[in-house]
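First the structure, in the form of structure tokens, and then the observations on it.
Every number for a ligand or one of its atoms is a count from 1 in the order of the listing.
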Amino acid sequence: MKTSEAIQMTEQYVLHTYNRFQLVLDHGKGVHLYDTDGKEYLDFAAGIAVYALGYGNETYNQALKDQIDKVIHTSNLFYHVPLGTAAKKLADAAGMDKVFFTNSGTEAIEGAIKAAKKYAYLRDKSSDHEIIAMNQSFHGRSLGALSVTGNAHYQEPFLPLIGGIKFADFNDLESVKAQINEKTCAIIMETIQGEGGIYPATEEFLKGVRALCDEHDILLILDEIQCGMGRSGKMFAWQEYGVKPDIMTCAKALGCGVPVGAFVLNKKTAENSLVPGDHGTTYGGNPLACAAINAVFDIFERDHVAEHVAELTPYLEQRLDELVSEYEVLEGRRGKGFMQGLIVKGRPVGEIIQKAIENGLLVISAGSNVLRLVPPLVITKEDIDEMIEKLKKALES
Ligand SMILES: *Cc1c(COP(=O)(O)O)cnc(C)c1O
């Protein structure tokens, strides 16, 4: 099928909720993607921070093929081997207790919210609890996740959302304190805000929120859907802060392309929240998804993927900082590890992205004026150099 036909058919039959770039991706190899015309792109988007291992990882692909030949789906009415092993790997990596697998990030948030509400319900023997979320946050598009997403534009057409949600300012402890009352059951935030524009939590803030939660028996929910799975240079971004959540959400790179998410609970929360009848999913944690998760964790361990990110981060940051000082249109850089944002001023960020694509580089935006770099975690120094060269061309054209 020709490129133009593929675009035409998509626009005719797929509900138009995305303004897509005019290229039709066909296949990938390593950290490069190829379109149906054979043009090569260096991929610093990774399917929005999903494809951490790059394209065509043999171990990963073989694990999926092997599982497909056995069984893809069983339902959660039965046991299957990959489920327990995947849950153990995720729980061990987080040093937490129990896992519930979902099919997406937004579903992981739904489950985390339900677990927090149930915990408070058992504690107080009453409902009507409140959750504190952050302005400029992003937690997903389903109605519960949208309710804790601090973006009026995303919320407005869908009001009323779930009740009892209060918003505070990220990295402003006093604003969080001001929203706490005896009804508060959870505080939810991204450890590093992604869609909102790449804002890492400050250590002071995260530690302060943790202390408030401990003081008031409030659950801390950290959304690691984008910043987790090695992207920050640690397996989970909170591990760098010396702060631990009560509930953590994961998705994106957890399956490295197979749609999967999870919420992970510490012992206290696991033992005092959801029980049979409270929550469920037909697909969540099915054998194919769990085979992907198992392969991802095995490869992370074998190839020291998170350590690689930590090792190469200073070089990436140095090259990006050079760009910032060289180009007036770049106002600054924010981020951690391989989750970096370049702040753009005086030019629409979409225009730079379009030019980057023309020059064979895939990058995306975050917030209204941030160029977001979330490459596969396996990039090398040479890939960073290639990205810088291509981005320079985009900035100059
Ligand atoms: C992408 C994202 C989500 C939503 O995940 P989906 O799989 O798109 O539902 C939630 N939280 C954060 C921080 C994200 O980056």
Side-chain angles (χ1 to χ4, degrees), residues 15 17-18 20 45-52 90 94 100-116 131 133-151 154-155 158 161-162 165 167 170-171 186-201 206 220-232 235-238 245 247-264 281 283-285 289 292-293 296 334-341 363-367 370 372-375 377:
L15 186 68
T17 59
Y18 280 97
R20 295 168 199 264
I48 318 187
V50 166
Y51 238 108
L90 176 52
F100 184 102
F101 288 118
T102 66
N103 310 293
S104 65
T106 202
E107 285 171 81
I109 299 290
E110 299 295 330
I113 292 172
K114 282 181 72 176
I131 294 173
M134 300 299 138
N135 289 314
Q136 290 177 57
S137 61
F138 182 83
H139 297 293
R141 303 290 197 157
S142 53
L143 290 169
L146 185 59
S147 303
V148 291
T149 288
N151 181 323
Y154 286 171
Q155 287 194 346
F158 309 106
L161 296 168
I162 66 170
I165 310 295
F167 285 93
F170 194 63
N171 283 336
I187 299 177
I188 183 167
M189 67 170 91
E190 296 147 272
T191 318
I192 305 171
Q193 286 193 332
E195 304 299 313
I198 318 291
Y199 292 91
L206 201 52
L220 175 60
I221 304 173
L222 289 180
D223 182 347
E224 290 265 334
I225 289 170
Q226 188 162 160
C227 62
M229 294 304 292
R231 185 155 295 282
S232 71
M235 201 61 198
F236 301 107
W238 51 263
I247 306 175
M248 166 177 80
T249 56
C250 281
K252 292 200 163 88
L254 179 61
C256 279
V258 171
V260 59
F263 60 98
V264 187
T281 166
Y283 273 137
I293 295 166
V296 168
R334 278 193 301 262
K336 271 187 193 290
F338 288 179
M339 183 170 174
Q340 297 285 341
V363 286
I364 51 181
S365 64
V370 176
R372 172 168 36 163
L373 302 162
V374 282
L377 304 184

Under a 4.5 Å cut-off applied to non-hydrogen side-chain atoms, are Ile188 and Thr249 in contact? no
For Gln226, the ligand 1 atoms with a heavy-atom partner under 4.0 Å come out as 15 (O)
Candidate pair Thr191 and Glu224, rule side chain to side chain donor-acceptor pair (under 3.5 Å), full reasoning: CA-CA 7 Å; Thr191 318; Glu224 290 265 334; 2.6 Å; yes
Any idea which protein heavy atom is nearest atom 1 (C) of ligand 1, and the distance to it? Lys252 NZ, 1.5 Å
Taking all non-hydrogen atoms of both residues into account, name the closest pair between Ile113 and Ala145 and its distance. CD1-N, 4.5 Å
For ligand 1, find out whether one of its N or O atoms is nearer than 3.5 Å to an N or O atom of Glu195. no
Flag the pair Tyr154 / Arg141 as yes when at least one side-chain heavy-atom distance between them is below 4.5 Å, and no otherwise. yes
Do me a favour and list the nearest non-hydrogen protein atom to atom 9 (O) of ligand 1 with residue, atom name and distance? Thr106 N, 2.8 Å
The protein heavy atom nearest to atom 5 (O) of ligand 1 is Gly105 CA, 3.3 Å
So the atoms of ligand 1 within less than 4.0 Å of a heavy atom of Glu190 turn out to be 13 (C)
For ligand 1 and Phe138, I'd like to know whether there is a polar contact (N/O to N/O, distance under 3.5 Å). yes
Considering the heavy atoms of Ser104, write down every atom of ligand 1 situated less than 4.0 Å from one of them. 7 (O), 9 (O)
Drop me the distance from Asn171's CG to Tyr199's OH, to the nearest 0.5 angstrom. 10.0 Å
Residue that, paired with Gln226, satisfies side chain to side chain donor-acceptor pair (under 3.5 Å) out of Gln193, Glu195, Arg231: Glu195
Would one find an N or O of Ala251, backbone or side chain, under 3.5 Å from an N or O of ligand 1? no
I'd like to check which ligand 1 atoms, numbered from 1 as shown, lie under 4.0 Å from a non-hydrogen atom of Asp223. 10 (C), 11 (N), 12 (C), 13 (C)
Is the closest side-chain donor-acceptor distance between Ser137 and Glu190 under 3.5 Å? no
